[in-house]
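Scope of the values below: all heavy atoms of this structure, side chains included, with no hydrogens, waters or symmetry mates. In listed order, ligands and their atoms are each counted from 1.
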Amino acid sequence: MNHFELKGGELFCEGVALADIAQAVGTPVYVYSSATFERHYTVLRDALVAEGVKGDNGGDPLIAFAVKANSNLAVLKTLARLGAGADTVSEGEIRRALAAGVPPEKIVFSGVGKTADELAFALKAGVAEINVESEPEMRLASQVAQSLGTRATIAIRVNPDVSAGGHAKIATGKEDNKFGVSFSEAERLYANAANDAGLNPVGVTCHIGSQITDLAPMAAAFTKMRGLVERLRGEGLSVQRLDLGGGLGVPYFNQPAPPSPADYARMIAKTMNGLDIAYAFEPGRMIAANAGVLLSRVQHIHERPGGRKFVVLDAAMNDLIRPAMYDAYHEIAPLKPRAGDPVVYDVVGPICETGDTFTRERALAPLEAGDLIAFMSAGAYGAVMSSEYNSRLLVPEVLVKGDDYAVVRPRPTYEEMLAKEAFAPWL
Ligand SMILES: *Cc1c(COP(=O)(O)O)cnc(C)c1O
């Protein structure tokens, strides 16, 4: 079921007309659907459980939502209440997860460049595991843990050297990417960690990329991961957890349809072939992308000599950078579609650079100045990547639940924006 639907010629999010939110909160604004977040989480969990994929102590597998996809506290709390954990990549994200009520034993700390301060914070918070990505990072984790009189519970991130995922900027599983260690290094590091006074190795992890729409590379990587677990156990080492990362694609409008959560779960059960271990997952986009939209208003339509029609919006690349950064395609849906033949438009923002283009030569229902539109599938890697570029106010966020909505990150005032900076004493 889709929770963003046209009803009586008007686009709704659950029981709320999106135009009402645009009117009350102003544009641009991100709007999220609680029911969609809940459905995506539940469908994935149920699919995994149905295939016998288990977590710690034979319970449900840990589904640690990748906070970097959408770190709004209200969104995190919506998922935490269903039992989700959090996959974090900075102290800031760990703090967000804790503030939203994610218990530390469901927080995974990932990332290639964790600082000593961040590691100390994670250890004091008691996170479930630190996914270490290199030998120097493992040594640092050990030093920090020993200075705190504790052991760091770690998993080793392996780079399975497979190609997967849409855009080159989000592929992470090839040997020449910065992520993880090779299988042979993983075996050596794991054995070293088992003899290190500051470390408690509990498992291995991989994450091969994002927006993956083909299960084959995942199955190839996961089969190699199973082999690694079996080899480590063969050497007498204890391996309790296997974290298979995120990366499952979502149905963006013009992309190949991604595998369903049921297909994904079946593939895992098949490749793991009864391997008895506690499984963890780090989905981001799959949970969040289609749970959010970015609303914007048409400022004017500018027709250039030669006939090119530019729709100039009040949203810009600072609010949604995916088209500029990843050549991403977002469906553009008018909130109240007008009748008439489609018109070919270039849709742009007001920022002073050509990169501020959302799409070129797209046929859309006719638009006029003042019309409201929604960028669909903007719930992941949307608001989290927004900035104040061009001194535009940070975009607000709204969470819908049924017939209610709440502003969960207000639009700052210009005074607040300026107050964050200071003059140097000599000025
Ligand atoms: C980004 C990331 C994820 C989430 O990826 P999605 O494609 O959004 O599912 C999970 N794990 C790690 C380590 C990541 O860096």
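The ring pair (Phe, Tyr, Trp, His ring centres under 6.0 Å) analysis of residues 374-397, with sequence neighbours excluded, yields the pairs Phe358-Phe375.
Interface of Tyr381 with ligand 1, defined as ligand atoms under 4.0 Å from a residue heavy atom, comprises 1 (C), 4 (C), 5 (O), 6 (P), 8 (O). Against a heavy-atom cut-off of under 4.0 Å, Arg157 is close to the following atoms of ligand 1: 13 (C). Annotation for ligand 1: atoms under 4.0 Å from non-hydrogen atoms of Ala66 are 3 (C), 4 (C). Under a 4.0 Å criterion applied to the non-hydrogen atoms of Glu282, ligand 1 contributes the atoms 3 (C), 4 (C), 9 (O), 10 (C), 11 (N), 12 (C), 13 (C). Atoms of ligand 1 found under 4.0 Å from any heavy atom of Gly246 (numbered from 1 in listed order, with element): 9 (O), 10 (C). The distance from ligand 1 to the heavy atoms of Pro283 drops below 4.0 Å at these ligand atoms: 9 (O). For ligand 1, the atoms closer than 4.0 angstrom to any heavy atom of Asp87 are 10 (C), 11 (N), 12 (C), 13 (C).
Polar contact with ligand 1: present for Gly284 (N/O pair, distance under 3.5 Å). By the 3.5 Å distance cut-off applied to N or O atoms, Ala69 is not counted among the residues near ligand 1.
Judged by the 6.0 Å distance and 45° axis criteria, Lys114 is positioned over the aromatic ring of Phe109.
Every residue two or more places apart in sequence or in another chain that forms a salt bridge (Lys or Arg N to Asp or Glu O under 4.0 Å) with Glu361 is listed here: Arg308.
Heavy atoms of Gly245 stay at 4.0 angstrom or farther from ligand 1.
Using modelled atom types and a 3.5 Å distance limit, the side chains of Glu38 and Ser34 yield no donor-acceptor pair. Between Glu185 and Ser182, the side chains place a donor N or O and an acceptor N or O closer than 3.5 Å (distance only, hydrogens not considered).
Contacts of Ser210 with ligand 1, taken as heavy-atom pairs under 4.0 Å, involve both backbone and side chain.
Taking all heavy atoms of His207, Gln211, Arg285 into account, the minimum distance to atom 5 (O) of ligand 1 is reached by His207.
Pro28 and Val395 make their closest contact through O-CG2, 3.6 Å (heavy atoms, listed as atom of the first residue, atom of the second, distance).
Salt-bridge annotation for Asp56 and Arg241: present, with a side-chain N of the basic residue lying under 4.0 Å from a carboxylate O of the acidic one.
Residue Ile321 holds its CD1 atom at 6.5 Å from OG of Ser387, rounded to the nearest 0.5 Å.
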